[in-house]
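Chain letters run A, B, ... following the sequence lines, proteins first, then strands; residues in each count from 1.
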Amino acid sequence: MTHQAPKGTRDFFPPDLAVLRHIETAWRDASIDAGFDEIEGPTFEHLDLYTVKSGEGIVNDLFSFKRSGGDVDYALRPEFTPTLARMAAAKGRSLPLPTKWFGIPGHFRAERPQRGRLREFKQWNVDLLGIDNPSADSEVIATAIQALATLGLTHKDVVVRISHRDVVTKMLLNSGIPKDKLQVALTLLDKREKMSAEVFEEKTKEHGFETKSFTQFDCDVSIEHEELTSLQEELVAWGIQEWCTFDFNIVRGIAYYTGIVFEIHERSGAERAIAGGGRYDNLIEMFGGPSVPAVGFGMGDVVLSLVLKDKGLLKDGAHYMPTPDVFVVSACDEGDEVLSSTIAMLRENGLHARRSYKTTRNVGKLLTEAAKTQAAFAVILGKELEQNMFAVKDMKSGEQVDIPIDHLLSHLTS
RNA sequence: GCGAUCGUAGCUCAGUCGGUAGAGCACCGGGUUGUGAUCCUGGAUGUCGCGGGUUCAAGUCCCGUCGGUCGCCCCA
């Protein structure tokens with residue numbers, strides 16, 4: 001092979017794409033049923049859309065470029081939230097509130113591929129703008145759960161781990177972490193699960209922290225926090241409390257989150273996070289729009305596919321591919337003459353009609369081909385033509401009848 | 001950016017001590033008997049990921065590189 005696909009990208013052959021569409025359909029249906037409207041934005045943006053929010057360091061993690069001879073920096077979008085905030089800001093005061101948007105855009109990140117992380121992927125984004133109370137947080141979480149449930153997952157398979165930036169911050173400060181070391185402590189907390197207890201001990205000592213500053217998050221903490229109390233009630237109201245748990249080990253790296261944050265994980269801790277999100281009440285204003293509270297999440301196709309595969313919830317790609325209503329074969333010269341017009345007639349009437357391109361008269365071989373496509377019916381153009389009939393075989397039952405040419409359509413659609 | 005590991009036919013892989021490459025499974029064409037099949041017959045493609053080096057000789061050894069997989073960093 002002289003050409004390879006770029007590192008970290010995927011070729012989607014028909015069965016592969018059928019699997020992706022299966023997932024996207026669950027995402028889209030859940031969004032639409034929950035009253036979200038689909039949006040899309042540019043695949044690339046001005047580089048500074050990302051650097052103003054995340055700092056110059058992010059440049060290493062994304063694909064950026066200038067046009068030949070140009071001096072404007074662009075970047076392939078690594079996430080959708082900045083685009084969404086920009087779009088919301090662009091509407092200014094005409095943005096209806098609440099606004100409920102979702103999208104399934106492609107994203108690009110210049111990272112080293114590994115399990116669950118590729119350089120190009122699809123990510124479902126659901127955002128609810130304009131509602132500042134936890135009923136909005138609950139609604140977007142419920143929408144995520146709806147899609148996961150459609151794909152066959154249950155609350156025994158996955159868990160929504162919910163945290164709150166303010167609560168975590170307060171707990172760390174109360175336990176004696178100095179204010180100027182708060183960020184370090186947050187980062188350490190975020191990474192705690194990935195290291196052994198011993199390594200974690202060492203790290204905490206290195207920074208002069210006490211281990212119990214962090215282990216306080218392990219036991220069931222009853223936090224007096226108005227938002228979380230109210231969120232708890234909402235989760236019950238939405239009937240999703242079994243899927244959710246409060247877990248203050250969840251920090252999330254990004255800076256723009258302002259309150260509730262959450263991640264969805266496989267319950268045993270397999271794979272990376274399936275989804276992550278939270279509240280970003282200042283972001284739209286930061287992009288020059290009105291001050292609009294917002295909450296949303298992103299769910300990528302890569303980790304989700306792995307989890308579904310782990311659980312045996314993804315069938316072979318062929319299973320998700322469209323199957324023809326009818327497969328037409330010709331077994332004689334007279335059949336060849338009417339093959340095209342027969343196919344054309346069926347398609348004009350809205351049927352998914354395929355044909356064999358083989359020249360063989362071997363009906364057995366032709367039916368093998370028909371069976372392989374999972375067609376509902378096979379139509380054989382053969383000696384029955386002498387009586388102006390087609391042989392029509394129901395591929396499921398195996399029953400075969402001769403049908404007058406004029407009655408073919410009504411027979412197939414009845 | 002760093003590290004480990006792998007790369008031989010469409011797929012799964014074999015290939016010994018360095019001696020110019022194989023198996024199985026798929027797949028496909030044609031033919032016969034009108035029915036998802038049987039039978040007959042035919043079909044191959046390999047720049048052994050790529051490039052260099054050592055050698056009389058490299059799939060095999062060495063170096064580099066590209067790609068896959070899995071970690072680290074980062075994780076929106």
Partners passing side chain to side chain donor-acceptor pair (under 3.5 Å) against A/His265 (at least two apart in sequence or in another chain):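 Only A/Glu263 meet the side chain to side chain donor-acceptor pair (under 3.5 Å) criterion with A/His265.
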Scan the side chains in residues 308-319 of chain A for donor-acceptor partners under 3.5 Å anywhere in the protein, sequence neighbours excluded, and list what turns up.
residue	atom	partner	partner atom	Å
A/Lys311	NZ	A/Glu266	OE2	2.6
A/Lys315	NZ	A/His319	NE2	3.3

A/Ser135 and A/Asn133 side chains, donor-acceptor separation under 3.5 Å: yes
Nearest-nucleotide 5' precedence on RNA chain B, A/Lys365 against A/Glu369: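 Mapping each residue to its closest nucleotide by heavy atoms, the 5'-most match is A/Lys365.
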Nearest-nucleotide 5' precedence on RNA chain B, A/Ile380 against A/Thr81: A/Ile380
Which part of the nucleic acid does [X] contact within heavy-atom distance under 4.0 Å: base, sugar-phosphate only, or nothing?
X        : answer
A/Gly398 : base
A/Leu62  : nothing
A/Asn60  : nothing
A/Leu366 : nothing
A/Gln400 : base
A/Glu384 : base
A/Asp394 : base

Using atom [atom1] of each nucleotide, how far apart are [N] and [M] to the nearest Å?
N     : M     : atom1 : value
B/G18 : B/C61 : P     : 9 Å
B/G36 : B/A44 : P     : 30 Å
B/U8  : B/U45 : C1'   : 14 Å
B/U69 : B/U12 : P     : 14 Å
B/A26 : B/A9  : C1'   : 11 Å
B/G3  : B/C73 : C1'   : 11 Å
B/C66 : B/G51 : C1'   : 10 Å
B/C40 : B/U32 : C1'   : 8 Å

Ring pair (Phe, Tyr, Trp, His ring centres under 6.0 Å) partners of A/Phe36, counting only residues at least two apart: none
If I take atom [atom1] in residue [X] and atom [atom2] in nucleotide [N], what distance separates them, rounded to the nearest angstrom?
X        : N     : atom1 : atom2 : answer
A/Leu283 : B/A76 : CG    : C1'   : 11 Å
A/Arg10  : B/G67 : CZ    : P     : 17 Å
A/Gln123 : B/A76 : CD    : C1'   : 8 Å
A/Phe108 : B/C75 : CZ    : C1'   : 18 Å
A/Arg117 : B/C74 : CZ    : C1'   : 6 Å
A/His265 : B/C75 : NE2   : C1'   : 12 Å
A/Glu111 : B/C73 : CD    : P     : 13 Å
A/Ile58  : B/C73 : CD1   : P     : 18 Å

Pairwise side-chain contact, [X] with [Y], heavy-atom cut-off 4.5 Å (strictly under):
X        : Y        : answer
A/Asn282 : A/Tyr256 : no
A/Leu172 : A/Phe214 : yes
A/Phe200 : A/Leu189 : no

Residues A/Arg77, A/Glu40: salt bridge by 4.0 Å N-O rule: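 Salt bridge flag = yes for A/Glu40 with A/Arg77.
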Ion pair check, A/Glu202 and A/Lys205, cut-off under 4.0 Å: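 Looking at A/Lys205 together with A/Glu202, the answer is no, because their closest N to O distance does not fall below 4.0 Å.
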Report each atom pair, protein N/O against N/O of nucleotides 68-70 of chain B, whose distance is under 3.5 angstrom.
residue	atom	partner	partner atom	Å
B/G68	OP1	A/Gly8	N	2.7
B/C70	OP1	A/Arg115	NH1	3.2
B/C70	OP2	A/Arg115	N	3.1

Give every donor-acceptor pair under 3.5 Å between a side-chain atom in residues 100-109 of chain A and any protein atom, sequence neighbours left out.
residue	atom	partner	partner atom	Å
A/Lys100	NZ	A/Ala34	O	2.7
A/Lys100	NZ	A/Glu139	OE2	2.6
A/Arg109	NE	A/Pro78	O	2.7
A/Arg109	NH2	A/Pro78	O	2.9

Does a side-chain N or O from [X] land closer than 4.0 Å to OP1 or OP2 of [N], or not?
X        : N     : value
A/Lys358 : B/C28 : no
A/Arg252 : B/A76 : yes
A/Thr359 : B/G30 : yes
A/Lys191 : B/C73 : no

A/Leu367 side-chain proximity, nearest of B/U33, B/A76, B/G36: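 Side chain of A/Leu367 sits closest to B/G36.
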Proximity to the side chain of A/Lys393 - top-ranked nucleotide from B/G36, B/U38, B/C72: B/G36
Intra- and interstrand pairs of RNA chain B - dot-bracket, Watson-Crick/G-U under 3.5 Å, | marks other strand: (((((((..((((.....[..)))).(((((.(...).))))).....(((((..]....))))))))))))....
Side-chain donor/acceptor contact of A/Asn362 with base of B/U32 under 3.5 Å: yes
cation_pi(A/Arg165, A/Tyr257) dist<6.0 Å, angle<=45: no
Expected output: side-chain A/His164 to main-chain A/Asp166 donor-acceptor under 3.5 Å: yes
